[in-house]
Amino acid sequence: MNKSVILTGLRVNSDFTLGNYLGAIKPMVMLANKYANTHQLNMFIPDLHTITVDVDYEGLNKAILNGVKDYVAEGLPIENQNVYTYRQSYISAHSELTWILDCFTGFGEASRMVEFKDKSQKIGEDRVSIGLFNYPILMAADILLYNALWVPVGEDQRQHIELTRTIAQRFNNKFGNIFTVPKNLLEQAKFVGVEKSLRIRSLKYPNNKMSKSISDPAGTILLNDNPKQAAKKIMSATTDDFAKINYDWDKQPGITNLLQIYMSLSDETKEQTLDKWQDKNNYGDFKRELASIVEAFLTKFQQERNKIDESTLIHKLKISESKMQEQANAKLLSVQKAVGLR
Ligand code: TYM
């Protein structure tokens with residue numbers, strides 16, 4: 001029997017953020033270490049997703065390799081042969097399946113994607129690309145090509161996972177059992193061992209998501225930030241004047257976000273963290289402890305990153321890409337047959 005597949009990918013439009021790490025990299029690396037002997041693990045670079053918006057094209061190739069380096073520095077066990085890491089654009093079946101899925105996706109249904117609406121509003125309708133509009137269907141192809149059942153992602157990807165499930169079910173109803181339908185986000189979270197998928201907020205504007213946006217450097221911790229400066233960002237994070245630590249996203253989003261980062265980084269349960277900090281009135285003590293956890297985490301990550309040998313990565317990419325091409329092409333062929341193209 002084929003192994004059950006766990007899959008995720010992160011765009012390399014800028015350095016990864018602490019939000020990327022806690023929402024997707026950390027859960028994936030944990031699953032890879034736990035399940036690599038029984039499951040197939042695909043942690044890839046969605047480089048075709050990256051070019052849906054303007055990027056530094058000259059630096060893209062280097063950024064892609066840096067992304068893989070980050071995966072490994074965070075503990076992805078690439079020496080395990082069930083772990084695959086690859087560049088999406090090296091496997092042409094991703095683009096080909098996207099086209100076919102496009103033909104089974106409604107324009108209205110794709111138009112409802114909130115991430116697209118948000119981003120296109122920022123970019124402006126005249127400059128937004130068709131690629132950005134089509135991005136969730138490409139993401140569905142990324143998942144469905146490999147029969148991935150488990151897709152650890154942050155909360156912001158909920159709608160895209162739902163769309164993937166809808167497309168897969170629609171296709172299966174019409175053509176027989178072609179695709180594995182990935183689990184919904186709640187089941188995904190349970191698999192990872194958390195209450196729900198994470199949405200880490202900006203340190204400065206805690207009602208917004210922490211994102212790669214360059215317009216909010218004080219609210220965003222990048223994995224390549226100077227660790228001391230990152231600690232300072234925690235110290236100056238926006239909180240409130242309740243003067244009482246309390247886990248409440250509605251009333252105290254700033255301090256709740258810091259509690260979330262604290263429990264996620266220190267691997268404590270919510271209960272353990274709240275036991276320690278709930279109702280304390282000194283935000284400074286709490287921030288200082290979190291700042292030193294963040295500083296130690298970034299220092300260790302950056303040290304690990306410096307040790308990585310690029311030639312090992314390139315070798316792993318090539319092996320993975322060749323194997324994944326086989327799997328993806330086989331799935332693509334079954335789809336082409338189903339719709340009568342072969
Ligand atoms: P991307 O590149 O925007 O983000 C990568 C991953 O990081 C998570 N994430 C966060 N999690 C918690 N808090 C945050 N503040 C935060 N910011 C980002 C995202 O939820 C995501 O899991 N479309 C995807 C990439 C992709 C993909 C796929 C993922 C392409 N194909 C197939 C899974 C499977 C994206 O743009 O994520």
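In listed order, ligands and their atoms are each counted from 1.
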Per-residue contact class, Val151 against ligand 1 - non-hydrogen pairs under 4.0 Å: side chain
Under 4.0 Å to a heavy atom of Leu198 - the qualifying atoms of ligand 1, by number: 11 (N), 12 (C), 13 (N)
Contact partition for Asn13 relative to ligand 1, non-hydrogen atoms under 4.0 Å: neither
Structural part of His49 in contact with ligand 1, heavy atom criterion under 4.0 angstrom: side chain
Phe16, portion touching ligand 1 at heavy-atom distance under 4.0 Å: neither
Among Leu10, Val153, Asp156, Leu138, closest by any non-hydrogen atom to atom 19 (C) of ligand 1: Asp156
Location of contacts on His160 toward ligand 1, heavy atoms closer than 4.0 Å: neither
Listed once per pair and sorted, the salt bridge (Lys or Arg N to Asp or Glu O under 4.0 Å) pairs that draw on residues 140-164, sequence neighbours left out: Glu155-Arg158, Asp156-Lys209, Glu162-Arg165
Non-hydrogen atoms of Asp225 and Lys233 that approach each other most closely: OD2-NZ, 2.8 Å
Parallel, tilted or perpendicular, as decided by the 30° and 60° cut-offs, for the rings of Phe175 and Phe104: perpendicular
Residues Asp56, Lys62: salt bridge by 4.0 Å N-O rule: no
Heavy-atom pair with the smallest gap, counting every atom of Leu41 and Ala36: CD2-CA, 3.8 Å
Residue selection (non-hydrogen contact nearest atom 36 (O) of ligand 1) among Tyr21, Phe44, Tyr135, Tyr146: Tyr135
Close N or O approach (Lys209, ligand 1; < 3.5 Å): no
Residue portion contacting ligand 1 (non-hydrogen atoms closer than 4.0 Å) for Thr17: neither
N or O pair under 3.5 Å between Leu7 and ligand 1: no
Audit row: Tyr283, Phe242, ring-ring contact (aromatic ring centres under 6.0 Å, His included) steps and yes/no: CA-CA 10 Å; Tyr283 289 7; Phe242 282 84; 9.0 Å; no
